[in-house]
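Below: one structure, written as structure tokens.
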Amino acid sequence: MLTFAHVPEGKTIKNRLHLDVNPTDRERDDEIRRLLGLGARHTDVGQGDESRVVLADPEAILQL
């Protein structure tokens, strides 16, 4: 299921798509390993101490 949310900030750059992924058929760490194996890479978008993991590939950023 995809959910689209409005944000209070106005558009300042080209449109971006952020996907929040919550696997239902495996543990989060297993899904992270699977995505890393497919070419994703860890990235820092300023998440600080939050418990989410941010992954990027050439086309998108995935947040888990």
Side-chain angles (χ1 to χ4, degrees):
M1 173 175 66
L2 291 177
T3 303
F4 296 91
H6 288 280
V7 294
E9 300 86 15
K11 181 177 173 178
T12 58
I13 57 174
K14 68 180 183 173
N15 291 332
R16 291 185 172 184
L17 176 65
H18 298 265
L19 298 175
D20 292 335
V21 178
N22 186 12
T24 58
D25 62 340
R26 63 183 57 110
E27 294 297 317
R28 184 182 98 154
D29 289 343
D30 294 333
E31 182 67 359
I32 292 169
R33 279 190 291 277
R34 186 183 78 80
L35 293 169
L36 290 170
L38 291 171
R41 59 183 167 78
H42 286 278
T43 190
D44 183 353
V45 294
Q47 63 267 33
D49 293 332
E50 293 184 35
S51 64
R52 66 183 177 179
V53 174
V54 179
L55 302 175
D57 68 27
E59 300 296 326
I61 295 177
L62 305 173
Q63 298 182 13
L64 301 175

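Side-chain atoms are counted along with the backbone in the values below, which use heavy atoms only and exclude waters and symmetry mates.
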Checklist entry - Tell me, do His42 and Leu55 make a side-chain contact under 4.5 Å, heavy atoms counted? => result yes

Item to check | salt_bridge(Arg28, Glu31) N-O dist < 4.0 Å | outcome: no

Checklist outcome for this item: Here the gap from Arg26 atom CZ to Ile32 atom CD1, rounded to the nearest 0.5 Å, amounts to 12.0 Å

Item to check | Asp49 atom CG: more than 12 heavy-atom contacts under 6.0 Å | outcome: no

